[in-house]
Amino acid sequence: MGKLGGFLQIERRGVPQRDPSDRAHDYREFQLVRPTTELRDQGARCMDCGVPFCHNGCPLGNLIPDWNDLVYHDRFDDAIAQLHATNNFPEFTGRLCPAPCEAACVLEIREGESVTIKQIENSIIERAWQEGWVVPQPPRRETGQAVAVIGAGPAGMAAAQQLRRAGHQVTLFERDEALGGLVRFGVPDFKIEKHVVQRRADQLEAEGVEIRCGVDVGRDIDVAELRAAYDAVVIATGSRVPRDLPVPGRELPGVHFAMDYLYQRNRWVARELGSAHAVPEPAAADVITARDKDVVVIGGGDTGADCVGNALREGARTITQLELLAEPPATRPDELTPWPLWPLKYRLSYAMDEAKQLGVGEQDYSVTTTRFTTDGDGALCALRVARAEPTPPFAPVAGTEHDLPAQLVLLAMGFLHPEPGLLEQLGVERDQRGNVKAVRPYTTSVDGVFAAGDARRGQSLIVWAINEGRQCARMVDRYLGDRRVGDRSLDLSRDEGIAGHADADSGPEGPPQHVSPAIAAGHEEA
C-alpha cells in the first residue's frame, strides 16, 4: 500500500484551513483541499502495515488502505468506487467526522504522524462530484413493497438510499423544511455548506425516494394510518432531548438550549446567503441573538464550539466556553487511552481558535454553574460559577464561587435520548436510557418497525449514524424478503449490496463511547 518507505520520506501535511482571523467574518467553509500532487504524496504515506488498524477505528469499515493507494496512483475514479462501497455520504464524514481512523493508524504510534485519511477521503468525493462520477442509481427491479423512513438525518438518508436501491418504494419523512437533520440545521455552514447536503437530497429524489418535508409523523400523519400504508417503518429520528441544567434561574429569558440557537442561525444563513426551501420554515418562538452580548457556552464539545463560532460571527462582545470536566492533557495519556484507542487529549476547537485570535474568547475547565442571576429588570445578567470537584457529582468547591457576566447562555451539554412521543405512539420498547430497544439487530419490539442511528444507540458520531442506516436497511430488506417468500430463508448474498458487510448484522452492546470500535467480523444474528 502506498509508496514503499513513503512514510519515512514524506512529511505529514494536515488539512489546510483559511486564516482564523479572516474566516471569522463569513460563513464559507474554512477547510480547504490540497492540490492533487500533494494529496498523492499523502496517500503514499500509507504503509503496508499488515493489520490496518484504521479499519477498526472506522465504524463504517471504510477500505482506507485501498483508496489511499489508489489516490497515490492517481486513480480517483477507482478510489470513489471503493469509498462508496462502505459510505453513502463521504463528503459528510470527510468534513464532520473526528477521524477515529487516524487515531488508530499504525503511524499514529508516533503521535501526530498518522496518514491524513479524512483529508484524502474528502478529496476523493469532491473530485468525483467535479468529474460527474456521482450519479443517481435507481433500482434495476421493483419489489412492490413500501418502506417509511422517519427522520432525514444521515441515518435516515442512508437507510432510505439503500432500501430504494434494493427496489423498495421509500418515503422519507422529515418534520423540518429540508433534509439533513443536524448536518443541515445544527452544524454551521462554515463547517459544511448546505449545497453539499442538498446535492445528496437531489440524488435521493432522482433515485426515486419520495421526500416529504415539513411532515411530523404522529402529529400530521396518524401512526396507525402510516403502519397500514407501509410494509415496514424505520425510526431514525435521532437523539433530540437535550440535557438540561436544573439550577435556580434556569427559567430566565436568555438561557437557551444550544440547538435552538443553532437552528435559528442556520436558517438565517439559508435565508440571507443560501436559497429558499420549498417548504417554509417554522416561525421561531423567541429570537436568539448574540450580538453585543457577553455569551457563555456551557459544554466543551462540538456543539459548544459551533455555538462559539456562530456567536463570534454575530458580533458577540465576549464569549466564554465552560466545561465541567478537567482540562485534558496536551498529549495522549498512554495509561488511559493507549494507541489505537481514541486519545483523551486537549484539542483547541476551530471556533475557540478564531475567538482567541480576535481577542473575545476564552475557555475554562472544571467549572460548575450554581445559579443564574438577574438585574433589576428581571433580565439575565450573570451566572454564578465555581470550581468543580474532580469526580462525580462534580460538586462546587467551597470558597471558589464568583459571578460571570452573561446576557446569553447556551446549554450545549449533549442529548439524553429520542423524543418519546412518536415512540409511545408506535408502541416500541425503550431501554433504560430511553432509546429504542432493539430485540434483534435494528429490530424493535413491534413487528415491521426498525430503528437506526442515535434513536437506537444514543448520541454518537456521524459515521455511526451512516453505518446504522446502512445496516438497518439490510435487516429491513431481509424482513421484506422473508415476507415475499414465506418461511423459506433467504441466501445472505442477496442483500450484500445493501450494506457491504454480510457478517455485521449485530451492533456493539452497551452505551456508545465517544469513539467506538467498528463492528467485529463474525458476529451472528441475535
Side-chain angles (χ1 to χ4, degrees), residues 88 138-139 141-175 179 204 207-212 215-218 221-238 418 422-430 435-457 465-490 492 494-499 504-507 525-526:
N88 294 65
R141 61 180 179 86
E142 298 284 350
T143 66
Q145 293 170 300
V147 182
V149 179
I150 307 172
M157 291 175 68
Q161 185 163 67
Q162 295 296 96
L163 287 165
R164 178 58 193 145
R165 289 176 177 180
H168 305 297
Q169 293 294 323
V170 179
T171 304
L172 186 54
F173 292 94
E174 173 54 58
R175 69 181 179 184
L179 267 59
L204 286 175
E207 291 175 350
V209 175
E210 181 185 357
I211 297 173
R212 298 188 61 184
V215 177
D216 191 353
V217 176
I221 294 181
D222 183 74
V223 166
E225 294 178 2
L226 184 82
R227 292 296 317 279
Y230 294 91
D231 298 289
V233 174
V234 174
I235 303 169
T237 53
L422 176 63
L423 309 186
E424 292 171 355
Q425 292 186 51
L426 287 168
V428 299
E429 291 184 23
R430 285 171 281 173
N435 300 321
V436 179
K437 183 178 180 179
V439 297
R440 294 178 62 212
Y442 309 98
T443 307
T444 75
S445 58
V446 177
D447 182 58
V449 179
F450 301 80
D454 290 1
R456 187 191 80 90
R457 66 178 293 111
I466 296 173
N467 174 72
E468 292 236 337
R470 292 170 63 86
Q471 299 295 352
C472 181
R474 289 188 62 246
M475 302 311 294
V476 175
D477 183 64
R478 184 175 299 174
Y479 167 81
L480 295 175
D482 287 342
R483 294 187 66 183
R484 290 196 300 272
V485 301
D487 294 334
R488 181 167 58 85
S489 62
L490 295 178
L492 191 61
R494 291 188 61 233
D495 61 10
E496 284 183 346
I498 295 295
D505 290 346
S506 59
E525 230 178 280

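Owing to the predicted nature of the structure, the values given are computational and were not obtained by experimental measurement.
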Legend entry - Identified side-chain contact (heavy atoms from CB on, under 4.5 Å) counterpart of F173 within the set V149, V233, V215: V215

Inset, instruction - Can you run down the salt bridge (charged side-chain N to carboxylate O under 4.0 Å, His left out) pairs that involve residues 148-161, sequence neighbours left out, and say none if there aren't any? - result: none

Legend entry - Option from V147, I150, T444 for which side-chain contact (heavy atoms from CB on, under 4.5 Å) with V234 holds: V147

Legend entry - Which residues share a side-chain hydrogen bond (donor to acceptor under 3.5 Å, both in side chains) with E174, sequence neighbours left out: none

Legend entry - Partner residues of T143 under the side-chain hydrogen bond (donor to acceptor under 3.5 Å, both in side chains) criterion, sequence neighbours left out: H168

Inset, instruction - Quick one: which residue pairs count as a salt bridge (charged side-chain N to carboxylate O under 4.0 Å, His left out) with a foot in residues 142-152, not counting sequence neighbours? - result: E142-R164

Legend entry - Residues in side chain to side chain contact (heavy atoms under 4.5 Å, CB included) contact with A438, at least two apart in sequence or another chain: R456

Inset, instruction - Applying salt bridge (charged side-chain N to carboxylate O under 4.0 Å, His left out), name anything that partners E210, two or more places apart in sequence or on another chain. - result: none

Legend entry - Pairs involving residues 148-159, ordered by first then second residue, that meet salt bridge (charged side-chain N to carboxylate O under 4.0 Å, His left out) (sequence neighbours left out): none

Legend entry - R175: partners by side-chain hydrogen bond (donor to acceptor under 3.5 Å, both in side chains), with sequence neighbours left out: E419

Legend entry - Residue pair R227 / V449, side-chain heavy-atom distance below 4.5 Å: yes

Legend entry - R212: salt bridge (charged side-chain N to carboxylate O under 4.0 Å, His left out) partners, not counting sequence neighbours: none

Legend entry - Partners meeting side-chain hydrogen bond (donor to acceptor under 3.5 Å, both in side chains) with Q145 (sequence neighbours left out): R484

Inset, instruction - Output all residues satisfying side chain to side chain contact (heavy atoms under 4.5 Å, CB included) with A158, sequence neighbours left out; order by chain, then residue number. - result: N88, F89, I466, R470

Legend entry - Minimum heavy-atom distance P418-V436, with the two atoms named: CG-N, 4.5 Å

Inset, instruction - Could you grab the distance from atom CD of Q161 to atom CE of M157, nearest 0.5 Å is fine? - result: 7.5 Å

Legend entry - Non-hydrogen atoms of A232 and V476 that approach each other most closely: CB-CG1, 3.9 Å

Inset, instruction - Quick one: closest heavy-atom pair of G151 and L172, and the distance? - result: O-CD1, 3.6 Å

Inset, instruction - Over all heavy atoms of both residues, which pair between L163 and A473 is shortest? Give the atoms and the distance, please. - result: CD2-O, 3.5 Å

Inset, instruction - Identify, with sequence neighbours excluded, every residue that meets ring pair (Phe, Tyr, Trp, His ring centres under 6.0 Å) alongside F450. - result: Y479

Legend entry - Non-hydrogen atoms of C472 and A451 that approach each other most closely: SG-O, 3.8 Å

Legend entry - L426 side, atom CG; L226 side, atom CG - distance, nearest 0.5 Å: 7.5 Å

Inset, instruction - Could you tell me the separation between the CZ atom of R430 and the CG atom of L423, rounded to the nearest 0.5 Å? - result: 5.5 Å

Inset, instruction - Report the distance from atom CD1 of I211 to atom CG of L204, rounding to the nearest 0.5 Å. - result: 5.5 Å

Inset, instruction - Examine distances only and state if a side-chain atom of S445 and a backbone atom of E429 form a donor-acceptor pair shorter than 3.5 Å. - result: yes

Legend entry - Any donor-acceptor pair under 3.5 Å from Q169 side chain to A146 backbone: no

